[in-house]
Engineer: 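Dropping a structure here in structure tokens format, bear with me for questions.
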Amino acid sequence: MSNPCQSCGACCVSFRVDFHPAELAGGAFAWGAGVPGEMALPVTLGIVRMAGTDASPRRCIALAGEVGREVACTIYDERPSPCREFDTSHEACARARQRCGLPLL
Ligand code: SF4
Ligand code: SF4
């Protein structure tokens with residue numbers, strides 16, 4: 001069965017994605033190569049935010065494709081911890097899908 005997230009992407013256009021700067025490329029808590037610095041914006045000394053996730057319209061800079069059809073995270077192996085912790089079992093998944101006019105899973 002295919003992963004429903006690959007034809008969704010609603011969460012990547014619905015929520016702010018904040019994380020610790022140590023998850024940026026070269027940081028002590030980076031996953032893989034870490035989140036490319038140019039894809040994140042500083043919020044406070046201890047918080048950075050995926051660019052686009054606080055914009056209007058909201059859309060993470062790392063998201064490729066068309067929401068609700070076919071999408072991909074272009075930094076999947078390096079994506080920050082909030083994205084690693086979010087999946088279809090998260091209560092906000094349904095909210096994001098509903099917001100984008102997608103049926104509940
Ligand atoms: S909103 Fe849910 S189904 Fe859609 S990409 Fe995010 S976790 Fe996957
Ligand atoms: S980093 Fe990837 S998984 Fe996380 S919000 Fe952006 S596109 Fe979605």
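Note: hydrogens, waters and symmetry copies are ignored here, and every other heavy atom, side chains too, is used. The chain is numbered in sequence order, starting from 1. Start at 1 and go down the list; that is how both ligands and their atoms are numbered.
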Engineer: Any chance you could lay out the side-chain contact (heavy atoms from CB on, under 4.5 Å) test for F15 and F86, step after step, and finish with the verdict?
Structural biologist: CA-CA 11 Å; F15 306 117; F86 198 101; 3.9 Å; yes

Engineer: For R69 and S7, run side-chain contact (heavy atoms from CB on, under 4.5 Å): C-alpha distance rounded to whole Å, both residues' side-chain angles, the deciding distance at 0.1 Å, then the answer.
Structural biologist: CA-CA 5 Å; R69 281 183 65 89; S7 56; over 6 Å; no

Engineer: Go through the structure and list residues passing salt bridge (Lys or Arg N to Asp or Glu O under 4.0 Å) with R79, not counting sequence neighbours.
Structural biologist: none

Engineer: Using a cut-off of 2.8 Å, find all protein N, O or S atoms closer to atom 2 (Fe) of ligand 1 than that distance.
Structural biologist: C93 SG

Engineer: Within the side chain of E78, is there an N or O that forms a donor-acceptor pair under 3.5 Å with the backbone of P36?
Structural biologist: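 No, the answer is negative, given that no donor and acceptor are paired below the 3.5 Å cut-off.
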
Engineer: Are V35 and I61 in one and the same hydrophobic cluster, where Ile, Leu, Val, Met, Phe, Trp and Tyr link if side-chain heavy atoms are under 4.5 Å apart?
Structural biologist: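 Both belong to a single hydrophobic cluster.
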
Engineer: In the structure I gave you, are the side-chain heavy atoms of V48 and D18 within less than 4.5 Å of one another anywhere?
Structural biologist: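 No, every pair of side-chain atoms sits at 4.5 Å or beyond.
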
Engineer: By the definition side-chain contact (heavy atoms from CB on, under 4.5 Å), identify the one residue from T53, V17, I75 that meets it with C60.
Structural biologist: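 Testing each of T53, V17, I75 against C60, the sole residue satisfying side-chain contact (heavy atoms from CB on, under 4.5 Å) is T53.
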
Engineer: Identify, by atom number and element, the atoms of ligand 1 in contact range of G9, meaning under 4.0 Å from any of its heavy atoms.
Structural biologist: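 Ligand 1 atoms under the 4.0 Å threshold to G9: 4 (Fe), 5 (S).
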
Engineer: Counting only protein N/O/S, how many atoms fall short of 2.8 Å from atom 2 (Fe) of ligand 2?
Structural biologist: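 Counting protein N, O and S atoms closer than 2.8 Å to atom 2 (Fe) of ligand 2 gives 1.
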
Engineer: Please lay out, stage by stage, how V13 and L63 fare under the test side-chain contact (heavy atoms from CB on, under 4.5 Å).
Structural biologist: CA-CA 9 Å; V13 299; L63 186 70; 3.9 Å; yes

Engineer: Considering residues at least two apart in sequence or located in another chain, which fulfil the side-chain contact (heavy atoms from CB on, under 4.5 Å) criterion with T88?
Structural biologist: P4, C5, C93, L105

Engineer: Say whether, by atom type as modelled, one donor and one acceptor occur between the side chain of T44 and the main chain of I47 under 3.5 angstrom.
Structural biologist: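 Yes; at least one donor-acceptor contact below 3.5 Å.
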
